[in-house]
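Quick notes on the structure that follows.
Predicted, not measured: the structure shown is a model, and the values here were computed from it.
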Amino acid sequence: MNSPLALLTTLVNNELSGEQQSETHWQDKSRTGLAMCGRIRQAGDGEQYMETLNWNPRAILNDVQAPKFNVPPGTRPLTLHRLGDGSEQVERMFWGYKPAWYKRGPASNARLDTVLNGSPFWLPLLTRRILVPAEGWYEWIGEKTSKQPWYIHAKNDAPILMAAIAAWSPGAEMNAAHGFAIVTDDAAGGMVDIHDRRPIVLAPEDALAWLDPATRVEDALAMLTTPRPESAFVWHPVTPAMGNSRYQLADASEPF
């Protein structure tokens, strides 16, 4: 007889097979050639992002890293959360989630449909909700040999707050076993021309409730079905040079 762990592994690997797996696995290729949401711009500091939520954390992250204009999965971007003791925190976490039993690479995105359907892959993370702040995110269109990157950001240029779930544990090593995934959903409107999926971006009031430990899981999940609309965003093509994640110049998000 198979062990419970073996049964769970089979169930999750089957559930994430095919199209769903290609959207959540950051090493897989979507129709644009890169996983969605595959890159973000995080050029601000923790204090700037906390101001978006009117936070006054008791301990501000002592972060000396330079601004990042082209952040890929597999790195450690800034996150906002209230995990552990419930206090308001800014912390770097590993972008990508891979439990010890999972045989594939880290998942950088969590498809909303699998989350809402109670996928056992994501179920343990639903009480560990975080935000990934950024100025915007990147997507690609075109053929493999001539992909054109686009930058998507808020019309008012304010920081965006992307809903994410994490395997955070106090004092744990910042690796894929304790990493996070950004929740994504189908795109709509003109954004479909850039990519058929998009990160779920929350308004500040919903973002605060998303992080609140007192918010019930079912209420938190309901927030994911009413994100900021596509009409709140604008997008433009950017330099193809930023296709290389080592490209960290400030013009990575400038119109091209």
Can any side-chain N or O of [X] pair as donor or acceptor with the backbone N or O of [Y] at less than 3.5 Å?
X	Y	answer
Asp185	Leu112	no
Gln42	Leu78	yes
Asp45	Gln48	yes
Asn70	Met242	yes
Arg128	Pro124	yes
Arg228	Phe233	no
Arg92	Arg76	yes
Lys68	Pro77	no
Glu135	Asp157	no
Gln248	Ser245	yes

Is it true that Val234 and Trp137 fall in one hydrophobic cluster, defined by side-chain heavy atoms closer than 4.5 Å?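 Unlinked, Val234 and Trp137 end up in two clusters.
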Please tell me whether Met93 and Met174 are part of a single hydrophobic cluster in this structure, the criterion being side-chain heavy atoms less than 4.5 Å apart.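 No.
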Can you give me the closest heavy-atom contact between [X] and [Y], atom names plus distance?
X	Y	result
Pro227	Arg198	CB-NH2, 4.1 Å
Ala134	Met162	CB-CE, 3.8 Å
Ala167	Ala177	CB-O, 3.4 Å
Ala110	Ala181	N-CB, 4.0 Å
Pro73	Gly38	CD-O, 2.9 Å
Ala252	Val238	O-CB, 3.3 Å

Below 30° counts as parallel, above 60° as perpendicular, anything between as tilted: where do the rings of Tyr97 and Trp122 land? tilted
Would you say that [X] contacts [Y] through its side chain, given a criterion of any heavy-atom pair below 4.5 Å between the two side chains?
X	Y	answer
Arg129	Val217	yes
Leu161	Tyr49	no
His153	Ser253	no
Trp95	Ile40	yes
Leu80	Ile130	no
Glu51	Pro159	no
Phe180	Ser108	no

Using 0.5 Å steps for rounding, measure from the [atom1] atom of [X] to the [atom2] atom of [Y].
X	Y	atom1	atom2	value
Thr127	Leu125	OG1	CG	8.0 Å
Arg82	Leu53	CZ	CG	10.5 Å
Met50	Leu131	CE	CG	12.5 Å
Phe94	Asn175	CZ	CG	7.5 Å

Under 3.5 Å side-chain donor-acceptor pair for [X] and [Y]:
X	Y	value
Ser146	Gln148	no
Trp235	Glu139	no
Glu91	His81	yes

Going by the side-chain hydrogen bond (donor to acceptor under 3.5 Å, both in side chains) test, which pairs reach into residues 199-215, not counting sequence neighbours? none
Between Phe256 and Trp150, does the ring-ring contact (aromatic ring centres under 6.0 Å, His included) criterion hold? Intermediate values first, please. CA-CA 9 Å; Phe256 179 74; Trp150 286 65; over 10 Å; no
From Ile182, Val132, Ile160, residue fulfilling side-chain contact (heavy atoms from CB on, under 4.5 Å) relative to Val201: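 Single side-chain contact (heavy atoms from CB on, under 4.5 Å) partner of Val201 among Ile182, Val132, Ile160: Ile160.
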Sidechain N-carboxylate O distance under 4.0 Å for Arg197, Asp186: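 Salt bridge: yes.
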Should the pair Arg41 and Tyr138 be classed as cation-pi, given the thresholds of under 6.0 Å to the six-membered ring centre and 45° from the axis? no
Flag the pair Tyr247 / Phe69 as yes when their ring centroid distance falls below 6.0 Å, and as no otherwise. no
Take His236 and Tyr151, measure what ring-ring contact (aromatic ring centres under 6.0 Å, His included) needs, and give me the verdict at the end. CA-CA 6 Å; His236 56 257; Tyr151 178 63; 5.8 Å; yes
